[in-house]
2 protein chains.
Amino acid sequence: MKSLADRIEEYLRFLIERSESKTLQMQRTELAETFGCVPSQITYVLSTRFTIEEGFVTESRRGGKGYIRIRQIDSSPGRISRGYNQREALAAIENLWKEGFLDGGEVELLKCLLNRHVLGLAEHERHLLRGRMLRAVYDLLGDNKG
Amino acid sequence: MKSLADRIEEYLRFLIERSESKTLQMQRTELAETFGCVPSQITYVLSTRFTIEEGFVTESRRGGKGYIRIRQIDSSPGRISRGYNQREALAAIENLWKEGFLDGGEVELLKCLLNRHVLGLAEHERHLLRGRMLRAVYDLLGDNKG
DNA sequence: TAGTGATAGGTTAGAAATAGTCAAAAGGAA
DNA sequence: TTCCTTTTGACTATTTCTAACCTATCACTA
């Protein structure tokens with residue numbers, strides 16, 4: 001049995017998916033009435049399900065003609081990196097290990113995940129994916145330090 | 001003489017086996033009532049019988065409409081598995097951590113690599129990729145044990 | 001322009017509904 | 001006995017949902 005929040009999320013995701021611009025704008029009160037709940041329930045769903053981590057940005061305006069708007073953000077980074085082949089990726093990982101940013105277990109893990117058979121895909125896509133993965137690792141290590 | 005835990009395990013395995021998706025979702029309290037035991041007994045069965053070594057991944061949610069979910073992971077390489085969404089993948093990782101197969105650093109690493117924005121791709125492809133990545137992790141952990 | 005009322009959405013606290021944790025008691029096999 | 005597994009229950013954590021109150025914006029009028 002799905003919770004009300006789950007059903008509202010499902011409904012909104014459907015509408016966004018269907019829309020050309022991956023954007024949805026509506027009135028909070030109206031939506032609440034559709035689901036027979038209190039308006040703050042909508043706020044709750046937005047704040048727990050349509051977060052930046054989930055890939056959504058929400059905006060709103062109060063007062064007459066007020067609205068809530070949900071936008072699914074494009075996750076493609078603007079910048080194009082040229083990607084990494086397996087050998088280059090492993091070398092990068094080795095380096096991080098030598099410099100003490102990764103321990104043995106983490107290196108093992110990364111090596112196996114960056115493997116061409118695990119990643120699959122066509123060569124070019126796979127190289128780009130490795131680039132995104134390595135960037136995420138660098139970002140993670142950077143966060144932990146800062 | 002079978003213990004209660006054994007009987008609960010048997011029952012759950014039967015239901016999972018019977019289900020198309022090899023997945024079972026139910027409420028802990030309800031199941032406990034079915035067997036006339038305390039809810040924590042269910043937790044006990046899950047943590048001792050439906051482990052990753054046994055080929056299962058469990059997830060749960062507390063609160064209203066909460067649930068426990070058990071998924072039998074597909075171990076046959078030939079067959080196409082349905083993949084993992086981000087939430088499922090993170091739950092699987094959490095489990096590996098709880099069971100001591102991964103340490104904190106490795107979990108952080110995996111969490112960031114399994115993120116939808118890092119993986120990119122179209123949804124279906126991304127889910128399948130997570131499946132391959134998780135399988136590689138399981139294989140790696142299995143090798144280390146064996 | 002300033003003021004005012006209507007019409008939105010925002011915030012927060014707390015109750016209710018679940019599941020998780022942990023340690024002690026109970027059982028059972030060697 | 002001794003050691004390991006099972007079972008229980010009290011306590012904790014999380015999630016959902018509502019209700020009451022707070023704030024921003026608009027439309028209109030003086």
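By convention in this document, chain letters (A, B, ...) are assigned in the order of the sequence lines, proteins followed by strands, and residues within each chain are numbered from 1. Computed over heavy atoms, backbone and side chain alike; hydrogens, waters and symmetry mates excluded.
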>> In this structure, how many angstroms lie between the P atom of dC4(D) and the OH atom of Tyr44(B), rounded?
In response: 13 Å

> Does Ser3(B) put a side-chain nitrogen or oxygen below 4.0 Å from OP1 or OP2 of dG28(C)?
Replying inline: no

> Which sits closer to the 5' end of DNA chain D, Ala5(B) or Gly63(B), going by the nucleotide each is nearest to?
Replying inline: Ala5(B)

> Nearest-Å distance, CD1 (Ile68(B)) to C1' (dA13(D))?
Replying inline: 17 Å

>> I need the Leu113(A) CG to Glu108(A) CD distance, nearest 0.5 Å.
In response: 11.0 Å

>> Under 4.0 Å, counting only non-hydrogen atoms across every strand here, what does Arg49(A) touch: a base, just sugar-phosphate, or nothing?
In response: sugar-phosphate

>> For dA19(C) and Thr43(B) - does any side-chain N or O of the residue sit under 4.0 Å from the phosphate oxygens OP1/OP2?
In response: no

> Would you find a donor on one side and an acceptor on the other, under 3.5 Å apart, between the side chain of Arg132(A) and the backbone of Leu119(B)?
Replying inline: yes

>> Regarding Gly64(B), tell me which of base, sugar-phosphate or nothing describes its non-hydrogen contacts under 4.0 Å with the strands shown.
In response: base

> Is a donor-acceptor contact shorter than 3.5 angstrom present between the side chain of Ser40(B) and the base of dG9(D)?
Replying inline: yes

>> Taking the nucleotide of DNA chain D with the nearest heavy atom to each, does Lys65(B) or Gly36(B) sit closer to the 5' end?
In response: Gly36(B)

>> Just N and O in the side chain of Thr48(B): are any of them under 4.0 Å from OP1 or OP2 of dT5(D)?
In response: no

> CD of Glu59(A) versus P of dT25(D): gap in Å, rounded?
Replying inline: 14 Å

> So does Arg28(A) get a side-chain nitrogen or oxygen closer than 4.0 Å to the phosphate oxygens (OP1/OP2) of dA8(C)?
Replying inline: no

> Rounded to the nearest Å, what distance is computed from the CD atom of residue Gln27(A) to the C1' atom of nucleotide dG9(C)?
Replying inline: 10 Å

> Using a distance-only test with no angle check, is there a side-chain donor-acceptor pair under 3.5 angstrom linking Thr43(A) and Arg28(A)?
Replying inline: yes

>> For a 4.5 angstrom cut-off between non-hydrogen side-chain atoms, does Thr58(A) reach Ser47(A)?
In response: no

> Do Arg13(B)'s NZ or CZ and the ring of Phe56(B) fall within the cation-pi criteria of under 6.0 Å and 45°?
Replying inline: no

> What integer distance in Å separates Arg61(B):CZ from dC17(D):C1'?
Replying inline: 13 Å

>> Under 4.0 Å, heavy atoms only, any strand: does Leu4(B) hit a base, just the sugar-phosphate, or nothing?
In response: sugar-phosphate

> In whole angstrom, what separates Met26(B)'s CE from dT18(C)'s P?
Replying inline: 14 Å

> Would you say the side chain of Thr29(B) and the base of dA19(C) hold a donor-acceptor pair, judged only by whether the two atoms sit under 3.5 Å apart?
Replying inline: no

> Can you check the Gln41(A) CD to dA20(D) P distance for me, whole Å?
Replying inline: 16 Å

> Do Arg62(A) and dT23(D) share a donor-acceptor pair, side chain to base, under 3.5 Å?
Replying inline: yes

> Roughly how many Å is it from CD in Gln25(B) to C1' in dA19(C), rounded to a whole number?
Replying inline: 13 Å

> Is the side chain of Gln72(B) donor-acceptor paired with the backbone N or O of Ile16(B) at a distance under 3.5 Å, no angle test?
Replying inline: no

> Which part of the nucleic acid does Arg7(B) contact within heavy-atom distance under 4.0 Å: base, sugar-phosphate only, or nothing?
Replying inline: nothing

